[in-house]
Number of protein chains: 2
Amino acid sequence: MYGLPNHEGPALKRSNLGHYKVRSVTPRVIDSDPNLPKAPSRIQQRNRSRILEAALEVFSSHGYRGSTLDQIATEAGLSKPNILYYFAGKEDIHVTLLSQLMSTWLDPLKEMDPNGEPIEELLAYVHRKLDMAIELPRESRLFANEILQGAPRMGPHLVADLKPLFDDRTAVILRWMDTGKIARSDPAHLLFSIWATTQHYADFAAQTEVLLPDTERRHSGARDFLTQLFTKLLAP
Amino acid sequence: MYGLPNHEGPALKRSNLGHYKVRSVTPRVIDSDPNLPKAPSRIQQRNRSRILEAALEVFSSHGYRGSTLDQIATEAGLSKPNILYYFAGKEDIHVTLLSQLMSTWLDPLKEMDPNGEPIEELLAYVHRKLDMAIELPRESRLFANEILQGAPRMGPHLVADLKPLFDDRTAVILRWMDTGKIARSDPAHLLFSIWATTQHYADFAAQTEVLLPDTERRHSGARDFLTQLFTKLLAP
DNA sequence: TCGTGTCTTTACCAAATGGTAAAAAAGTGA
DNA sequence: TCACTTTTTTACCATTTGGTAAAGACACGA
């Protein structure tokens, strides 16, 4: 009688392909494979990135379901049908955003050098993560929203991309501990605590801004505190 | 042309009072003030708490906008009009939930004893918060969702309830530091880091469960790690 | 300047969703 | 059992919203 809601809004009536990614081809002499889609025109690049920028703004502050195509369209300065010319649908925009941001988000973790000085590497990682949380809070919130809802659109990405990197990095950290250059602790929880403490400043900004109105103390204070916290933890 | 969305769905046509809270009174001999609303009947108590339990389940996993009255109704085993007999609307349910949970959520902070042993008190607080995150993840996620969206319905609560408590507790911690019983650090950021690290296990469970599938290591491992982390930070 | 393909707008639609009116059903005290 | 109140159901409604069709505007090479 009262079924679960269709979380994607009105049902799409036909598979909505052929909009941008798959299209008929006008062969170019330069192009090696005439069966590949054309390179995006300047206008396409501009509008697609406009839409993604607008979507980041909207999705990150209202969540997926809390955002509407109209909002994104207004923010992007385009009409709703027009953004649907560039993307197959709301979900397509969201997924595109998430996958694009995934690499940005994981970069600092990749940059940790297994041959570097352990304490330096880890503290640098903390600082980079904190800088990102402060400078790119929308990106942080976008991910937080997605994970909070149980990662419905990013679950596979987590398993395929994040998990292997995570396993690799925890192994590196474990080896560092074996050398005695940093104190022993659970590397997995160490990474969790770094993520939690840094992203907290982006994800819970509405709270921290109320509790600690002084922006300067919030930002550089966070840096000092986290340095102290992790320096003490890692000291051999 | 393309306006912002009305985030509350269809506009309500009239002020929707008189549903439960305000109703005509049949005077009782026992009641001292016959102009006060009647005490809720057994059936009302049962159904209201059923609805709140269902709403906690639904709101915490889909967010406010991602949840529908039908979902809540189904989960509660009632019909949609029936839950609207008990609550004035979707927002009323959400607000009721949030205010009820606020005190549960702040209790551990209140219980910190200014006259206790600083390290013990703070570690006990960390452990209580972690236990709550693990045992009441839905409550944690409900708050996280609300804060992430900028606390649209809880902002005033934060200022009125949390801020004074926060200021008081950071002052207590500062006094503890003055006695030399714990190391100096910024008390505000100390509390932030406790909240961040503990709630992370509830709010980002979708992630931690992928990265650390072993439930035992996730839970007791977190406890050990956080004990270590904060013991080292606080050691004078 | 003409024609072809790209981009944008106008005018829609169907489903989902929050909410309501009103009558039926179930309790309840006397 | 009767009268009265409380609770539940049935049948709706108005907006919102994701999405589409189709025509028009635009760009640009030949």
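Bear in mind that the values here come from a model prediction, so they are computed numbers and not experimental data.
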A.B. asks: Grab the OH-P distance between Y85(B) and dT8(D) for me, whole Å please.
C.D. replies: 8 Å
A.B. asks: Please give, in whole Å, the distance from dT6(D) P to N47(B) CG?
C.D. replies: 15 Å
A.B. asks: Taking only side-chain N and O atoms of R65(B), does any of them lie within less than 4.0 angstrom of OP1 or OP2 on dA16(C)?
C.D. replies: no
A.B. asks: For the side chain of K80(A), counting heavy atoms from C-beta on, which of dT9(D), dG18(D), dT10(C) is nearest?
C.D. replies: dG18(D)
A.B. asks: Tell me the interatomic distance from K90(A), atom NZ, to dG19(D), atom C1', rounded to whole angstroms.
C.D. replies: 12 Å
A.B. asks: Can a side chain N or O of S79(B) be found less than 4.0 Å away from OP1 or OP2 on dT8(D)?
C.D. replies: no
A.B. asks: What is the distance, to the nearest angstrom, from the CG atom on D70(A) to the C1' atom on dG19(D)?
C.D. replies: 11 Å
A.B. asks: Please say whether the positively charged group of R48(A), taken as NZ for Lys or CZ for Arg, lies over the ring of F87(A), i.e. under 6.0 angstrom from the six-membered ring centre and within 45 degrees of the axis.
C.D. replies: yes
A.B. asks: Applying side chain to side chain contact (heavy atoms under 4.5 Å, CB included), can you list everything that pairs with V95(B), at least two apart in sequence or on another chain?
C.D. replies: E91(B), S99(B), R153(B)
A.B. asks: Whole-Å distance between dG19(C) C1' and L69(B) CG?
C.D. replies: 8 Å
A.B. asks: Salt bridge or not for R138(A) and E53(A), using N-O below 4.0 Å?
C.D. replies: yes
A.B. asks: Could you check how far CG of N82(A) sits from P of dC26(D), rounded to whole Å?
C.D. replies: 13 Å
A.B. asks: Considering residues at least two apart in sequence or located in another chain, which fulfil the salt bridge (charged side-chain N to carboxylate O under 4.0 Å, His left out) criterion with R169(A)?
C.D. replies: none
A.B. asks: When the distance from CZ of R48(B) to C1' of dT7(D) is rounded to whole Å, what number comes out?
C.D. replies: 15 Å
A.B. asks: Please report the distance, rounded to the nearest Å, between OH in Y86(B) and P in dG18(C).
C.D. replies: 20 Å
